[in-house]
Structures are given as C-alpha cells and as structure tokens.
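Only heavy atoms go into these numbers, but all of them, side chains included; no hydrogens, no water, no symmetry mates.
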Amino acid sequence: VGRLTEWRLPHIQVFREQTSQALRQSCEVWTDSFWFGVPDPLATLPTRINGRLHGTHDVMVRPGGERFELVTPDRHSLFGVVVQRQALMDAAAQQGCRLDWHALQQAEVLRARDDARQACLHACTRRAAATE
C-alpha cells in the first residue's frame, strides 16, 4: 500500500510519501531545482540514498535533473521538498544566508540542527494534514 500527498506552488513542491513495503526507487526531480528528503521520525528503520545511510538528524539532498536511488524500509514515511534554484537563492538572500552551491550539488546527506529539522517536519506534517 502506498500513498502520496502533495502540495504545489509555482516554485516549490512539498509531498509526503508513505509505503507499507520496502522499495528501491529511481528518482529524478525538476531540472534547476533541489530535492530535500526528510524521513518521518516515526520511521524507525534506515533509508539509503545512493547506497548511503542517512542518520537521524540528517536531511537527504540531490540536485534536479540527476537520477538518484532511494531504498526505503517497510512502513516508511518521507517528506520531500523540491525547490527551484532561484527560489532557494531568493529565500537564502532574504534570510541573510550564503549557500555553497558546489557543496550542495555534491551532497547526498546534510547534517541539520535538530530544531531546524523539527520545524521542517512540523510544517510539512501540518501542510500534509491540510491537503488530505
């Protein structure tokens, strides 16, 4: 059993993917965008991105237009956020942040502050609940 709940704006897509069985997925998101994957904390088994395990405080990331592989366990739930590059640049500028594009393009797993990760999960959970 699987379920996909999605919310879209012109430059961003937020979704929640829930599956009952382990899956191996070949993924690719919009060109000139970035995908950020945040497994639901209730998912207790590890997820792999391109063979690499993510930690409990990690966020998975991949640039758009490039294939990547996800291997998810049974009873898995993942929030995904796809943001067009320009929208990400604009948001970073508004927050006074400078992004390291080279590092972001090469990363598969990023360490996130627990409070920031929890805020992201809370916002995604609220958005997903509002669209169900």
Q94 and D90: side chain donor to acceptor below 3.5 Å: no
Non-hydrogen atoms of R67 and E28 that approach each other most closely: CG-OE1, 3.4 Å
Hydrophobic cluster membership, V83 vs L9, 4.5 Å side-chain cutoff: yes
Side chain to side chain contact (heavy atoms under 4.5 Å, CB included) between D115 and R117, intermediate numbers included: CA-CA 6 Å; D115 61 329; R117 189 173 182 281; over 6 Å; no
Gap separating the CG atom of L53 from the CZ atom of R48, nearest 0.5 angstrom: 3.5 Å
Sub-4.5 Å side-chain heavy-atom contact between P39 and M60: yes
Interatomic spacing from CZ in R85 to CH2 in W30 - rounded to 0.5 Å: 15.5 Å
Cluster link V71 to V59, ILVMFWY, side chain under 4.5 Å: no
Steps toward side chain to side chain contact (heavy atoms under 4.5 Å, CB included) verdict (T72, T19): CA-CA 9 Å; T72 59; T19 59; 4.3 Å; yes
Residues D40, R16: salt bridge by 4.0 Å N-O rule: yes
Side-chain H-bond candidate by donor/acceptor type, E6 with Q13, under 3.5 Å: yes
Inter-residue atom distance M89.CE - Q84.CD, 0.5 Å rounding: 12.0 Å
Co-membership, hydrophobic cluster, residues L99 and V81, 4.5 Å side-chain: yes
Minimum side-chain heavy-atom gap L88-F36 below 4.5 Å: yes
Test item: N50 side-chain N/O and F68 main-chain N/O as donor-acceptor pair under 3.5 Å: no
Approximate separation, where rounding is to 0.5 Å, of S20 OG and R3 CZ: 13.0 Å
Polar side-chain atom of R62 near backbone of A107 as donor-acceptor pair, under 3.5 Å: yes
Joint cluster assignment, V109 & V82, ILVMFWY side-chain distance < 4.5 Å: yes
Reported OG1-to-CG distance for the pair T47 and L23, which is rounded to 0.5 angstrom: 10.5 Å
Minimum side-chain heavy-atom gap Q21-H76 below 4.5 Å: no
Joint cluster assignment, L104 & V29, ILVMFWY side-chain distance < 4.5 Å: no
E69 and Q25: CA distance, side-chain angles, deciding distance, side chain to side chain contact (heavy atoms under 4.5 Å, CB included) verdict: CA-CA 6 Å; E69 180 183 82; Q25 302 176 57; over 6 Å; no
Distance (rounded to the nearest 0.5 Å) between C124 SG and L78 CG: 9.5 Å
P73 versus P46, closest heavy-atom pair with distance: CD-O, 3.4 Å
Sub-6.0 Å ring centroid separation between W35 and F15: no
